[in-house]
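What follows is a set of notes on a single structure, which appears directly below.
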Amino acid sequence: MTVRTRIAPSPTGDPHVGTAYVALFNYCFARQNGGEFILRIEDTDRERSTPESERMILDALRWLGLQWDEGPDVGGPYGPYRQSERGAIYRQHVDELLAKGHAFRCFCSTERLDALRLEQRAKNLPLGYDGHCLALSPEESERMAADGVAYVVRMKVPRAGQCLVKDLLRGDIVFEWSQVDMQVLLKADGMPTYHLANVVDDHLMGITHILRGEEWIPSAPKHLLLYGYFGWDAPQLCHLPLLRNPDRSKLSKRKNPTSILFYERMGYLPEAMLNYLGLMAWSFPDERDKFTLQEMVAEFDLERISLGGPVFDLTKLNWLNGRWIRESLDIQQYAERVRQWALNSEYLMAIAPLTQQRVERLSDLGPLTLFFFSGYVNPSPEALVGGKLDADAVRRVLDALTRRFDALVAWNRDAIDAVVRAVAAELGLKLKDMLKPVYVTITGNPSGVPLFDAMAILGKDLCRARLRQARAALGEAEEEEEPETEVAAG
RNA sequence: GUCCCCAUCGUCUAACGGUUAGGACGCCAGCCUUUCAAGCUGGUAACCCGGGUUCGACUCCCGGUGGGGGCACCA
């Protein structure tokens with residue numbers, strides 16, 4: 001049997017390094033075994049999925065060089081590879097479960113479910129559906145559905161006994177069925193949930209091995225149960241350790257740059273990114289720390305994955321990236337990479353209109369545009385609070401901007417303008433006063449080219465990173481004064 | 001709260017019953033060098049705790065502790 005693995009990202013935001021990390025392992029495992037690597041888009045969340053996000057994720061994975069054999073863009077024998085286009089398939093499988101009595105319609109309102117959860121939490125009971133609609137007879141259920149009463153479909157779960165999950169890395173994991181929730185399989189909008197869609201698709205697409213994040217371990221029993229309900233053999237499961245923030249929590253954009261786009265704009269080479277990701281939880285047999293994707297494929301071995309969650313620490317990535325730049329590129333290739341990175345005509349043409357009126361000599365361009373060719377600009381706390389706002393006000397401005405920019409989908413001049421004005425209004429500040437520290441945050445200087453245009457060109461990821469850096473430079477709000485210390489010191 | 005996963009230098013990791021616990025990043029020092037890098041050399045630093053099993057435990061078992069994740073009509 002041909003080994004088939006997949007990466008199944010949800011197009012609900014920026015391309016995440018965690019996606020690249022899991023994709024890398026799936027890619028290596030498939031290639032190592034002469035198998036196939038599939039890309040599937042899990043866009044069953046109608047609210048949050050966007051085509052734009054899907055495009056960015058595909059571009060990012062391509063940039064890294066993780067080429068898939070089948071996917072929404074290249075097609076393949078098991079398509080469509082976009083879950084939103086497989087509605088009929090899920091519907092059919094839900095009907096099958098309903099007919100076999102493995103699933104039931106649930107007409108409970110969200111209000112009732114919220115109240116139930118609240119009560120369970122208050123009483124310190126395990127959270128989960130209480131089986132209310134299980135009492136409905138099939139006839140009643142049919143009639144209500146026919147009458148147009150909104151419902152979801154939930155899976156039935158045994159009330160007693162245990163479920164054995166076999167994990168390639170962790171061995172046997174035992175769960176009590178009593179603690180497994182009666183998961184929703186089909187949402188009220190007719191879309192399947194992840195649990196149903198991933199089982200149906202993995203089976204139909206012939207996936208033999210599922211390498212996914214550790215966060216999925218608790219839902220494995222549900223998936224196994226579904227495979228059983230359908231009478232299918234389940235794929236091998238393998239849960240990879242999660243990438244961590246420096247504080248060891250799950251990697252998150254609040255604490256770390258998580259967008260692959262950030263690393264690209266920052267000037268990391270895709271070879272180095274992949275190499276570094278390969279160093280996370282996995283090690284080369286001879287312990288070398290620099291290797292290509294091809295070398296990793298050749299030597300890949302699940303056994304060499306360590307289970308402690310690795311901290312995604314930029315210092316070693318920096319060192320590795322430096323090695324790739326100076327050891328693996330000749331001087332022409334290096335120059336070409338620099339050109340592709342920022343000295344390309346598209347980028348230059350975006351910057352040119354902002355600078356033409358502001359230079360007397362072409363050489364004025366250097367200091368004026370330095371921040372366009374930098375990652376971080378390292379503003380000092382003094383420069384940030386130099387204007388009319390005190391440190392605390394600047395902190396609030398940076399926090400509010402970060403929060404609103406995160407929610408912004410379209411990153412362009414007008415949208416940025418609107419956000420900044422909204423924050424000024426929210427905090428009751430004059431736009432002019434507020435702009436000063438923001439200008440320093442983004443450009444590292446007190447004045448220069450128009451800010452909003454500059455931010456639009458710079459991109460969301462670099463702006464976000466600079467906001468965080470400036471915020472960090474200011475530290476936390478001052479503690480209560482400690483006059484004693486002052487007096488004693490005097 | 002509850003269920004599950006995990007545990008070697010600050011960080012990434014090696015070790016798969018017997019090693020002075022190895023390597024890499026970072027940091028420190030020296031060398032090299034017109035500066036700075038790079039490079040080279042050396043140094044710093046770890047087996048979470050307590051019980052077992054064993055002639056012998058970082059390695060196996062149990063219990064603590066600690067960290068993490070899940071507990072959505074999000075994936």
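Chain A is the first sequence line, chain B the second, and so forth, proteins listed ahead of strands; every chain is numbered from 1.
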* Could you check how far NZ of Lys123(A) sits from C1' of G1(B), rounded to whole Å? =>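 Spelled out: NZ on Lys123(A) to C1' on G1(B) is 15 Å.
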* To the nearest Å, how far apart are Asn321(A) CG and C25(B) P? ->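 Going from Asn321(A) (CG) to C25(B) (P), I get 15 Å.
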* To do: Could you tell me whether the side chain of Ser141(A) and the main chain of Ser137(A) form a donor-acceptor pair under 3.5 Å?
  =>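 It does not hold such a pair.
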* Look only at the side chain of Arg337(A) and the backbone of Leu329(A), and say whether a donor-acceptor pair between them is shorter than 3.5 Å. =>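 No.
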Please report the distance separating the [atom1] of [N] from the corresponding atom of [M], rounded so that it comes out in whole Å.
N: A38(B); M: G22(B); atom1: C1'; result: 26 Å
N: G50(B); M: U13(B); atom1: P; result: 26 Å
N: A14(B); M: C48(B); atom1: P; result: 14 Å
N: G64(B); M: G39(B); atom1: P; result: 48 Å
N: U19(B); M: A75(B); atom1: C1'; result: 46 Å
N: G1(B); M: G51(B); atom1: C1'; result: 29 Å
N: G68(B); M: G52(B); atom1: C1'; result: 28 Å

Candidate nucleotides [options], ranked by approach to the side chain of [X] - the nearest:
X: Val311(A); options: A75(B), A24(B), C12(B); answer: C12(B)
X: Ile217(A); options: C4(B), C73(B), A14(B); answer: C4(B)
X: Arg117(A); options: U13(B), A24(B), C73(B); answer: C73(B)
X: Lys187(A); options: C74(B), C12(B), C3(B); answer: C74(B)
X: Leu127(A); options: C73(B), C6(B), G1(B); answer: G1(B)

Do any side-chain nitrogens or oxygens of [X] fall under 4.0 Å of OP1 or OP2 in [N]?
X: Ser283(A); N: A14(B); value: yes
X: Arg212(A); N: A75(B); value: no
X: Arg248(A); N: G69(B); value: no
X: Arg326(A); N: G39(B); value: yes
X: Lys316(A); N: G10(B); value: no

* Measure up the Trp232(A) and His203(A) rings against each other and bin them: parallel (under 30°), tilted (30 to 60°), perpendicular (over 60°). =>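 Taking His203(A) first and then Trp232(A), their aromatic rings lie parallel (interplane angle under 30°).
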* Asked: Under 4.0 angstrom, heavy atoms only, what part of the nucleic acid is Thr12(A) near: base, sugar-phosphate, or nothing?
  ->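 Answer is nothing: Thr12(A) stays at 4.0 Å or more from every strand.
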* To do: Mind listing the closest non-hydrogen atom pair of Met56(A) and Leu261(A) along with its distance?
  =>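 In terms of heavy atoms, the two residues are closest at SD-CD2, 3.7 Å.
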* Phe405(A): ring pair (Phe, Tyr, Trp, His ring centres under 6.0 Å) partners, not counting sequence neighbours ->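 Phe405(A) satisfies ring pair (Phe, Tyr, Trp, His ring centres under 6.0 Å) with Trp411(A) once adjacent residues are dropped.
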